[in-house]
There are 2 protein chains.
Amino acid sequence: MTIKNSNIEHFKDTLQAEGLRLTSQRIAILEDILASEEHRECDDILFSLRSNQISVSRATVYRTLEILEKGGFVRKMNIGDGRFRYENKLPKPHHDHMICLECGRIIEFVDQEIEARQVHLTKQHNFKLVRHIHQLFGICEDCQPAAANKGV
Amino acid sequence: MTIKNSNIEHFKDTLQAEGLRLTSQRIAILEDILASEEHRECDDILFSLRSNQISVSRATVYRTLEILEKGGFVRKMNIGDGRFRYENKLPKPHHDHMICLECGRIIEFVDQEIEARQVHLTKQHNFKLVRHIHQLFGICEDCQPAAANKGV
DNA sequence: TGCTTTATTGAGACTCAGTATCAATATAAA
DNA sequence: TTTATATTGATACTGAGTCTCAATAAAGCA
Ligand SMILES: [Mn+2]
Ligand SMILES: [Mn+2]
Ligand SMILES: [Zn+2]
Ligand SMILES: [Zn+2]
């Protein structure tokens, strides 16, 4: 609760710096995101809010997610399926993702050797590295027996 | 020309194996892709065909791209902008991409250390690696002076 | 507290890449 | 040729995400 409130304060400051206002909808959306460890799409968040009797429009969720992304509260990502997903970024250092093609499970990882190679490779091309996406697609441990039966 | 024709033959074989037919539209689309080094979206291919007085419907381009992807002729990729791009895969070994946020230029790279780390990391999680996406976003050499003026 | 300004909201229209439908047409095999 | 059926193009449709705008609510101030 105290942690949450400090995040809401931080959000309020971020909003004020841009001349934006702190609304009940924005608080509800941020709190929902802070309470989740998942990589969710807009509608997941919307339905989660509704299951807590909070009614917000889809447009407002999209609008708030954009503000939260710019403010560094959430990370927007896509795993190639044409939809964007959002994850609570505050408690997490940078990481990349392994994504199970069967069940959608996401395993997070970081590897300093890879991070270092990225810097090295971009320097070779005089390319100024800003950010990166690194996604490993495959079959997770739990899904391998089932996948084998289907011939994957 | 001879190289092209052998690719068309290969395409024909692939189609026949599936009970599909070789049509003038499919040949035109494959030839257009074989003649390009770029990472193009559907409409780029469509307009390229039209500039050569070849009229094909957008639906047919999409349908053919799907067949070509399954057959290993093209690689379908997205760089996070919500549209798919396709590149001629035949002459190329596996590689990943650096993408310029200013001009869209794409630089291809491969790094055996990174490839090896990916295998290592997935093994640690008993994750069966199938494919991966690794994209480095930033500012290319040519765009850095312009970007500096804009404060990037 | 009440007033004023203006940011925000929700409903629904809209966009746009990609997919599905279906009658007309072209392919390939006999 | 003839025939069976795969393919095409036109166009309707889908679905994630954006835009519009009148009604509402937040924030600063008297
Ligand atoms: Mn994550
Ligand atoms: Mn490439
Ligand atoms: Zn799985
Ligand atoms: Zn550039």
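Chain A is the first sequence line, chain B the second, and so forth, proteins listed ahead of strands; every chain is numbered from 1.
- For DNA chain C, the residues of residues 15-24 of chain A within the heavy-atom distance limit of 4.0 Å (strictly under) are A/G19, A/L20, A/R21, A/T23, sorted by number.
- The main-chain N or O of B/V119 is found under 3.5 Å from a side-chain atom of B/T122 such that the two form a donor-acceptor pair.
- As rounded to whole Å, 12 Å separates atom P of C/dT9 from atom CG of A/L65.
- No side-chain heavy atom of B/K76 sits under 4.5 Å from any side-chain heavy atom of B/E87.
- In this structure, CD of B/E69 is placed 12 Å from P of C/dG18, rounded to the nearest angstrom.
- The aromatic rings of A/F73 and A/H10 sit tilted, their planes meeting at an angle between 30° and 60°.
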| Nucleic acid footprint by protein, nucleotides 9-20 of chain D - heavy-atom cut-off 4.0 Å, B for base, S for sugar-phosphate alone | B------SSBBB
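- Exactly one residue among B/H39, B/R85, B/Q135 makes a side chain to side chain donor-acceptor pair (under 3.5 Å) with B/H97. That residue is B/H39.
- A distance of 6.0 Å or more separates the ring centres of A/H134 and A/H94.
- Rounded to the nearest 0.5 angstrom, A/D96 CG and A/I114 CD1 are separated by 7.5 Å.
- Of the charged side-chain nitrogens involved, at least one lies within less than 4.0 Å of a carboxylate oxygen, so that A/E66 and A/K70 count as a salt-bridged pair.
- Rounded to a whole Å, the NZ atom of B/K12 is 17 Å from the P atom of D/dA6.
- Rounded to 10 degrees, the angle between the two end axes of the helix from C/dT1-D/dA30 to C/dA30-D/dT1 is 30°, with five pairs used at each end.
- A salt bridge does not link A/K128 with B/E141: none of the charged nitrogens is closer than 4.0 Å to a carboxylate oxygen.
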